[in-house]
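Predicted, not measured: the structure shown is a model, and the values here were computed from it.
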Amino acid sequence: MVPDETNGEDGGSEAVDGDGGGDANGDDGTIGAAVVTVSSTRSLDDDEPGDAIVAAFEAAGHELATRELIESGYDNVQSVVTRLVDRDDVDVIVTTGATGVSPDDVTLEAVTPLLDKELPAFADLFTQLSYDEVGTGVLSTRSMAGVADGVPIFCLPDDVAATDLAAASIIVPEAPTLVSQAVGGRASPESPGEGDQ
């Protein structure tokens with residue numbers, strides 16, 4: 001993998017493309033993940049929250065389609081996520097950063113208008129698991145998940161413990177099923193909600 005540092009319409013950013021994405025409908029169930037860190041103070045070399053997300057996907061045998069570090073800003077975040085949704089090798093997108101309560105924390109606001117469907121249970125479950133780890137500190141963190149044009153998107157805080165918890169305990173185990181369902185596949189018979197139709 002070769003870093004591709006760009007400064008274009010997306011604002012300042014760094015990117016590393018993986019060795020190719022997966023295909024959730026493929027025989028091996030491998031999916032291609034895009035990991036985006038939203039930060040004005042980090043580089044890819046010191047991005048521990050992003051490292052934790054990448055490690056969780058790779059430990060499960062999935063592919064890193066791309067990894068990017070971008071500056072915060074509504075238009076910048078929305079532009080990058082839209083571009084990633086349109087990539088054929090990206091099956092799932094996970095962002096980290098700019099989800100707090102400061103005026104510059106706009107990741108959720110930028111991504112929400114792109115969603116066709118929201119997945120509110122993700123934020124509920126993540127908050128519950130985070131509370132067990134950090135107590136009432138979860139009050140100042142925000143997260144969300146949804147689907148845009150068949151691509152699940154997860155937005156996480158900029159914290160290595162939080163991203164590790166969310167990626168390893170929730171996102172990676174559920175991503176193949178979500179990707180399959182989002183592109184029109186059916187859940188296995190034992191999946192919740194299957195009999196509710």
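Of the possible polar contacts, one joining the T96 side chain to the P157 backbone as a donor-acceptor pair under 3.5 Å is found. T163 places no side-chain N or O within donor-acceptor distance of the main-chain N or O of A52, the cut-off being under 3.5 Å. The backbone N or O of A161 lies less than 3.5 Å from no partner atom in the side chain of D164, so there is not a single donor-acceptor pair.
Shown here for A110 and P113, the closest heavy-atom pair between the two residues is O-CD, 3.5 Å. Taking each heavy atom of A56 and A167 in turn, the nearest pair found is CB-CB, 3.7 Å. The shortest non-hydrogen separation linking L69 to S43 is CD1-C, 3.5 Å. Scanning both residues, D89 and A65, for their nearest heavy atoms gives O-CB, 3.4 Å. Smallest separation of non-hydrogen atoms from A175 and I31: CB-CD1, 3.5 Å. Annotation for V90 and V151: closest pair O-CG2, 4.1 Å, computed over non-hydrogen atoms.
When the salt bridge (Lys or Arg N to Asp or Glu O under 4.0 Å) test is applied to E109, the partners found at least two apart in sequence or on another chain are R142.
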**Request:** Just do the side chain to side chain contact (heavy atoms under 4.5 Å, CB included) check on F154 and T95 with the steps written out, would you?
**Result:** CA-CA 6 Å; F154 297 87; T95 72; over 6 Å; no
**Request:** With side chain to side chain contact (heavy atoms under 4.5 Å, CB included) as the test, would you mind laying out the steps for V38 and V80 before giving the verdict?
**Result:** CA-CA 10 Å; V38 183; V80 169; over 6 Å; no
**Request:** List the steps, then state whether side chain to side chain contact (heavy atoms under 4.5 Å, CB included) holds for R83 with Q78.
**Result:** CA-CA 9 Å; R83 176 175 47 78; Q78 195 170 77; over 6 Å; no
**Request:** Given side chain to side chain contact (heavy atoms under 4.5 Å, CB included), test E63 with D91 step by step and report yes or no.
**Result:** CA-CA 10 Å; E63 299 287 335; D91 299 308; over 6 Å; no
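Through direct or indirect side-chain contacts shorter than 4.5 Å among Ile, Leu, Val, Met, Phe, Trp and Tyr, L139 is connected to no other residue.
With rounding to the nearest 0.5 angstrom, the SG atom of C155 is 8.5 Å from the CZ atom of F122. Interatomic distance, OG1 of T141 versus CG of D105, reported as 11.0 Å (0.5 Å rounding). Note: E71 CD to T37 OG1 = 13.0 Å, rounded to the nearest 0.5 Å. Note that the CZ atom of R87 and the OG1 atom of T82 stand 14.0 Å from one another [nearest 0.5 Å].
I171 and V160 fall into different hydrophobic clusters, where Ile, Leu, Val, Met, Phe, Trp and Tyr residues are linked whenever their side-chain heavy atoms come under 4.5 Å apart, directly or through other members. By the criterion of side-chain heavy atoms lying less than 4.5 angstrom apart, applied directly or through intervening Ile, Leu, Val, Met, Phe, Trp or Tyr residues, L165 is grouped together with I170 in one hydrophobic cluster. Linking Ile, Leu, Val, Met, Phe, Trp and Tyr whenever their side-chain heavy atoms come within less than 4.5 Å leaves Y74 and I70 in two separate clusters. By the criterion of side-chain heavy atoms lying less than 4.5 angstrom apart, applied directly or through intervening Ile, Leu, Val, Met, Phe, Trp or Tyr residues, L114 is grouped together with I93 in one hydrophobic cluster. Hydrophobic clustering (side-chain heavy atoms under 4.5 Å, transitive across Ile, Leu, Val, Met, Phe, Trp, Tyr) keeps V138 apart from L129.
With a 4.5 Å cut-off on side-chain heavy atoms, V81 and T107 do not count as touching. In this structure, the side chains of V147 and L119 come closer than 4.5 Å at one or more pairs of heavy atoms. Residues F57 and L64 have side chains not in contact (no heavy-atom distance under 4.5 Å, counting atoms from C-beta outward). Residues H62 and V92 fail the side-chain proximity criterion, which asks for heavy atoms closer than 4.5 Å. Between I53 and L156, some side-chain heavy-atom pair lies under the 4.5 Å cut-off. A 4.5 Å side-chain heavy-atom check between T99 and S143 finds every atom pair outside the cut-off. With contacts defined as side-chain heavy-atom distances shorter than 4.5 Å, the pair M144/T112 qualifies.
Checking D124 against T127 by side-chain atom types alone, no donor-acceptor pair falls below 3.5 Å.
Pairs of residues two or more places apart, or lying in two chains, that qualify as salt bridge (charged side-chain N to carboxylate O under 4.0 Å, His left out) and include a residue from residues 32-48 are R42-D158, D47-R67.
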